[in-house]
Amino acid sequence: MSWQAALVELVASRIGVQLAADRFAFGLERFLAARVSALGLSGPADYVAVLTSAALDEPEWRALVSVVTIGQTAFFRDRQQLSLVGEVMAELQPSRRAPLSLWSAGCATGEEAYTLAIIAARLGIPARVLGTDVDREALEVGRQGGFSAHSLRRFPHERRVGFLEERDGTFWVAPSLRRGVDFAVHNLLATPPPAPGRRGWDVILCRNVLIYFDLATSEQVVDQLSRALAPDGWLFLGHSDSLRLTTPRLRRVMLGGRVAYRPLSSPPTTAVRPPPRPPQRSLLEPLAVASRGPVASLDAITGLIRAGQLSAAAEALTRTLAADDSLVLRLTLGNVLLASDELERAAECYAAVRERAPLLAETHYLEGLLHRRAHQLVAAADAARRALFLEPELWPAAVLRGTVLDRLGDRAGAQAAFRQASAVLERGDGTGLQSFTEGLAGLDLPADEARALCRAMLARRG
């Protein structure tokens, strides 16, 4: 067995994370070289041997965990889902004699754990929150309770009063809030779930964690979480996790267009109901812009993009969105930012659209392009898979999935994706993109080029 294969197997068995080929190419290889040099070892194989004999709480494992688990989080991430979490808290609280028990599993630096505490405080609901993660260094940030403005980008200034205090550019969690939040190291794969008491957890959030695991491991983790729930508790997962999992101990509950989970024996949901559906407007419906500032027409914006004036186009889109937050224009702004390599701002645009329209396949495809640009190939393949689950005729997503899987060495998966794209393209139909992509760094692969690519890839041997 090669040292790479041994490391993949060791990391999977210890913390459940599946190391794909792109992890070695971007970041992990440099880390390994640095540790081999620092320890005076002869090569990576010796470092794998050091890890094999070390415990998870020893320095080498702690350093490795920080590299292979990238904790991207923020206060109030995915507001739509969190509003539903608040509703189920309100539903559960009247039947409780003790504070609600809330668990943020895989909390990284703790923003989600504090978000749960803030939601409970706003509702006047007594609660105890536990945030857990396998990364000790990340948890220490949560314990200290100091965060950058970037972590608060989704938390409006006027709503922070009483919860956060700014000192020298750092935002500190108020002591009254910190007293209700605990942090602990926990390995979702290898360690039994922490117990809040005999009843079990009232609410568990495990979001943006299972993307690191393969399907079998994810289902093992969810089974453990289900056993830790109170009989009438709630489990909330990330959107993509809900698309692929089977959960024999849980039943799915639709809340306002989002999926949540409850034990099979739990009572029917009463207090939580889907919000009224607002009038639906087509993505391509012409803008009805009020005269509240210097906005630009769609033709003017696309003219700037075609001329390569991406900075001016981004500014015009931002001004126009302040007057009318059209989904298609917000996606287009994300596309312009992606083409300009402003990946973080592009990700925020796509996330904002996904929160409003979680079943729009185009958003997941565009997020896949962003992940590919960031060299996150596994995440790119998964985003393309989500897009195709929602819209099997979206051939650009099938092409993206095929090219990414091919780079990851999954030849069978790549061939299946190219066959899916080819079948749609050869029929001359399928679903295209509604946001403006023309000329934006390969976002708009023409159908004839995509058809030729599929034919070439399917003709390969070996």
Side-chain angles (χ1 to χ4, degrees), residues 4 8 18-26 210-216 218 238-241 243-245 331 334-335 338-339 341 343 346-347 350 354 359-435 437-462:
Q4 290 98 334
V8 168
Q18 304 298 312
L19 292 180
D22 60 318
R23 294 287 183 90
F24 287 95
F26 302 100
L210 301 183
I211 57 173
Y212 295 115
F213 304 154
D214 61 21
L215 180 58
S218 296
H239 177 65
S240 61
D241 302 322
L243 298 179
R244 63 177 185 154
L245 289 172
L331 284 175
N335 299 343
L338 176 56
D341 282 326
L343 302 190
Y350 297 147
R354 180 162 38 77
L359 303 184
L360 183 63
E362 179 172 340
T363 313
H364 297 278
Y365 163 69
L366 293 168
E367 288 181 315
L369 292 178
L370 186 149
H371 288 308
R372 184 176 66 179
R373 178 71 63 86
H375 308 297
Q376 299 166 345
L377 300 187
V378 175
D382 194 54
R385 178 189 58 77
R386 295 196 305 270
L388 292 168
F389 178 89
L390 295 168
E391 180 49 75
E393 301 291 290
L394 185 61
W395 61 262
V399 172
L400 170 64
R401 183 166 171 81
T403 55
V404 170
L405 290 178
D406 186 68
R407 288 180 60 186
L408 289 171
D410 182 357
R411 187 62 56 81
Q415 293 283 293
F418 285 124
R419 281 195 296 271
Q420 182 175 358
S422 180
V424 177
L425 287 163
E426 295 298 337
R427 291 199 306 267
D429 55 12
T431 303
L433 302 182
Q434 299 187 70
S435 58
T437 59
E438 182 180 327
L440 290 176
L443 301 187
D444 62 329
L445 184 67
D448 55 347
E449 292 183 23
R451 192 177 294 110
L453 173 63
C454 290
R455 289 172 179 168
M457 297 301 289
L458 291 171
R460 289 171 55 182
R461 295 290 183 268

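Rounding to the nearest 0.5 angstrom, the gap separating the OG1 atom in Thr403 from the CG atom in Leu408 is 9.5 Å. If you take CZ on Arg451 and CG on Leu425, they are separated by 5.5 Å, rounding to the nearest 0.5 Å. Put simply, NE2 on His364 and CG on Leu394 are 11.0 Å apart, with the number rounded to the nearest 0.5 Å.
No side-chain heavy atom of Leu338 sits less than 4.5 Å from a side-chain heavy atom of Leu366. Using a 4.5 Å heavy-atom cutoff, the side chains of Glu391 and Glu362 are not in contact. In this structure, Arg386 and Glu367 have side chains that are in contact, with non-hydrogen atoms separated by less than 4.5 Å. Looking only at side-chain heavy atoms (C-beta outward), Val378 and His371 stay at 4.5 Å or farther from each other. Side chains of Leu360 and Leu331 form a contact here, defined as non-hydrogen atoms less than 4.5 Å apart. Contact annotation: the side chain of Arg373 never approaches that of Leu370 to less than 4.5 Å [non-hydrogen atoms, C-beta and beyond].
Applying the side-chain hydrogen bond (donor to acceptor under 3.5 Å, both in side chains) test to Arg455 and every residue at least two apart in sequence or in another chain returns Glu426. Qualifying side-chain contact (heavy atoms from CB on, under 4.5 Å) partners for Asp406, counting only residues two or more places apart in sequence or in other chains: Arg411, Ala414, Met457, Arg460. Contacts of Ala417 classified as side-chain contact (heavy atoms from CB on, under 4.5 Å), with partners at least two apart in sequence or in another chain: Arg401.
Closest of all the heavy-atom pairs between Leu400 and Gly368 is CD2-C, 3.7 Å. Pairing each heavy atom of Leu343 with each of Ala374, the nearest pair is CD1-CB, 3.9 Å. Of all heavy-atom pairs spanning Ala397 and Tyr365, the tightest one is CA-CD1, 3.5 Å. Closest heavy-atom contact between Ala361 and Leu390: CB-CB, 3.9 Å.
Side chain of Tyr350 to main chain of Asn335: a donor-acceptor pair is present (N/O by atom type, distance under 3.5 Å, no hydrogens or angles). Judged by distance alone, with hydrogens and angles left aside, the side-chain atoms of Ser422 form no donor-acceptor pair with the main-chain N or O of Phe418 at under 3.5 Å.
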